Structures are given as C-alpha cells and as structure tokens.
> 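The structure under discussion is supplied below as structure tokens; questions concerning it will follow.
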Amino acid sequence: MSTPRPAPRTWATLLIVAALPLLAVVTMYRLHGVQISLMTRDPTGLAGIHPLSGFLSSLGVLMWWTAATVWLFSALLHRAAGDAPKLRFALASGVLSIYLGLDDLFQIHERIAPQHLGIPERVVLGTIVLSAALYLVGFRREILRAHSRWLLLALGFLAASILFDTLLAAWAWRLKGWTYFFEDGSKWVGIVFWCGFAVTRCRDDLLVLRHKHLH
C-alpha cells in the first residue's frame with residue numbers, strides 16, 4: 001500500500017507558516033533596526049534572569065494555543081463534514097484564542113498598543129471585552145448546548161483579572177506582592193477553564209461526527 005503524499009496546498013501552508021515569522025524578523029531588522037538576536041533568542045537568556053521567570057505567564061500562553069489548536073482542528077473536521085454552524089463556532093473560538101494568546105505573549109494591550117501604536121490600554125481592553133460579548137451573543141445557542149459552565153467560569157476568572165488590573169489598581173498596592181498572585185492567578189485559572197471548555201466541547205462534537213460516520 002502506497003503512502004499518500006501531502007497535497008500541494010498542505011506544502012504551501014507549511015511553507016507560509018515557516019516563512020512569515022522569518023520575514024517579520026528581517027522586516028523589523030531592516031526597517032526599524034531591531035536586532036535579530038532580540039527576536040530569535042530566548043527572553044530569559046537575553047535578560048540574564050532566572051529561566052523560570054514568568055513561568056505562569058508562559059504556561060498561560062501554552063494553554064491559549066492548546067485551546068486554539070483544538071478549536072481550529074475541530075473547525076477543519078466540521079468543514080469536511082459540511083456542518084456550517086459548528087464550523088463557524090469552532091473557527092471563531094479558535095481565532096479568539098489566538099488573539100488572547102498573542103496578547104499575553106507580546107503584551108499587546110500593556111505595551112505594544114499604548115507605547116508603540118498610541119492606542120490606550122483601556123481601549124484595547126474594551127475592544128477585547130466587546131469582542132467577547134459579541135462572541136457570547138452570536139454563538140449563545142452553541143455555547144449553551146454543552147459544557148457552558150466551563151466557559152462561564154473562564155470568563156468570570158478572566159474578568160476578575162481585568163478588574164484587579166484596572167479598577168482595583170489604585171488600592172491593590174496594599175496587598176503588596178500578593179497583588180500579582182491574585183491578578184495573574186485569576187487569569188491563569190480562567191485560561192485553564194477556557195482550555196477545558198475547548199477540549200471537552202470539541203471532544204463531544206468529534207465523537208458525534210465519528211458516530212455519524214460509522215452509521
């Protein structure tokens with residue numbers, strides 16, 4: 001039995017995914033003078049700090065991307081099955097996970113937007129909240145269909161993190177170092193529940209697809 005060869009589209013997709021970050025490195029170096037090593041080396045190595053620095057934040061980014069991968073893989077299967085509603089839901093969930101992961105990884109709302117793009121942090125956070133609200137309203141039927149409690153818990157803990165970061169920042173200093181524990185800890189728990197929602201929901205949907213395929 002011959003082994004199936006990857007389709008040309010698959011080759012093209014992989015080459016594009018591999019090339020785009022490298023192109024971004026060259027572009028930032030040529031146009032803005034950002035050193036190549038600053039964009040390719042490990043941050044803790046560059047800063048000369050302990051390798052466990054920011055480990056909870058790094059784990060959160062991995063969780064965002066785990067959720068994104070699960071959603072997008074599920075979207076591909078729903079596309080092949082011709083299930084448009086579930087395809088749209090999985091795709092929107094995956095895109096939202098990707099943005100939130102990128103925001104955490106590159107500190108978009110904290111540094112890039114306000115310091116380099118001139119967009120206030122509150123505007124970016126407001127846009128994220130609005131996008132989440134549109135997601136909840138637009139896909140409310142799909143969300144409520146199964147395992148919605150995980151998503152509600154995720155949103156609750158993520159909202160608590162934003163609350164600590166914005167509205168409660170004026171007096172949170174009284175907690176000293178514990179401020180970061182509650183703010184970043186709430187975000188971490190929220191991400192875990194978001195990932196849990198992705199895994200359990202996609203698992204159930206794919207089991208349904210498998211059942212339909214077998215029958």
Side-chain angles (χ1 to χ4, degrees), residues 1-21 24 59-106 108-109 124-162 187-215:
M1 182 179 294
S2 60
T3 303
R5 296 182 178 180
R9 182 180 298 179
T10 303
W11 280 108
T13 301
L14 292 176
L15 289 174
I16 290 172
V17 170
L20 282 179
L59 287 178
V61 172
L62 290 175
M63 279 287 187
W64 283 126
W65 284 95
T66 298
T69 302
V70 170
W71 281 120
L72 295 182
F73 179 72
S74 179
L76 286 175
L77 296 182
H78 289 311
R79 180 176 180 271
D83 193 332
K86 289 183 180 178
L87 166 62
R88 289 192 293 269
F89 176 56
L91 187 60
S93 302
V95 170
L96 185 58
S97 301
I98 287 174
Y99 175 78
L100 294 173
L102 290 175
D103 186 89
D104 260 4
L105 182 61
F106 297 115
I108 294 176
H109 78 273
V124 182
L125 288 175
T127 302
I128 294 174
V129 172
L130 178 61
S131 300
L134 293 174
Y135 169 80
L136 292 173
V137 173
F139 296 102
R140 59 188 181 280
R141 292 182 180 178
E142 283 292 333
I143 291 171
L144 294 174
R145 190 166 57 82
H147 304 296
S148 58
R149 62 185 179 277
W150 304 126
L151 180 58
L152 294 177
L153 285 169
L155 294 175
F157 279 102
L158 292 172
S161 177
I162 294 175
K187 182 170 71 173
W188 162 249
V189 176
I191 298 171
V192 170
F193 280 121
W194 174 269
C195 190
F197 175 66
V199 171
T200 54
R201 182 57 186 275
C202 291
R203 177 202 62 195
D204 288 358
D205 287 345
L206 297 184
L207 286 175
V208 171
L209 280 179
R210 180 175 179 271
H211 180 76
K212 290 181 178 178
H213 178 73
L214 293 176
H215 293 80

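Keep in mind that this is a model prediction, so the values were computed, not measured. All values below come from the heavy atoms of this structure, side chains included, with hydrogens, waters and symmetry mates left out. Along the sequence shown, residues are numbered consecutively beginning with 1.
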> Which residue, Asp103, Asp104, Leu100, Thr66, forms the side-chain contact (heavy atoms from CB on, under 4.5 Å) with Val61?
Asp104
> Closest heavy-atom contact between Ala198 and Trp71?
CB-NE1, 3.2 Å
> Taking all heavy atoms of Ala146 and all of Phe197, pick out the closest pair and write down the distance.
O-CE1, 3.7 Å
> Please find the pair of heavy atoms, one from Gly190 and one from Ala154, that lie closest to each other, and give the distance.
O-CB, 3.2 Å
> Kindly indicate, with the supporting measurements, whether the criterion side-chain contact (heavy atoms from CB on, under 4.5 Å) is fulfilled by Trp65 and Ile98.
CA-CA 6 Å; Trp65 284 95; Ile98 287 174; 3.8 Å; yes
> Evaluate Leu206 against Leu209 for side-chain contact (heavy atoms from CB on, under 4.5 Å), listing each step before the verdict.
CA-CA 5 Å; Leu206 297 184; Leu209 280 179; 3.9 Å; yes
> Could you pull out all donor-acceptor pairs under 3.5 Å where a side-chain atom in residues 74-82 meets a protein atom, sequence neighbours excluded?
unit_1: Ser74; atom_1: OG; unit_2: His78; atom_2: NE2; d: 3.2

> Once you round to the nearest 0.5 Å, how far does NE2 of His147 lie from OG1 of Thr200?
4.5 Å
> Any heavy-atom pair between the side chains of Leu96 and Trp194 that's under 4.5 Å?
yes
> Just do the side-chain contact (heavy atoms from CB on, under 4.5 Å) check on Ile108 and Tyr99 with the steps written out, would you?
CA-CA 10 Å; Ile108 294 176; Tyr99 175 78; 3.8 Å; yes
> Cut-off 3.5 Å, no hydrogens considered: what does the side-chain donor-acceptor table look like for residues 135-143, sequence neighbours left out?
unit_1: Tyr135; atom_1: OH; unit_2: Ser93; atom_2: OG; d: 2.6
unit_1: Arg140; atom_1: NH1; unit_2: Val137; atom_2: O; d: 2.5
unit_1: Glu142; atom_1: OE1; unit_2: Arg145; atom_2: NH2; d: 3.4
unit_1: Glu142; atom_1: OE1; unit_2: Arg201; atom_2: NH2; d: 2.8

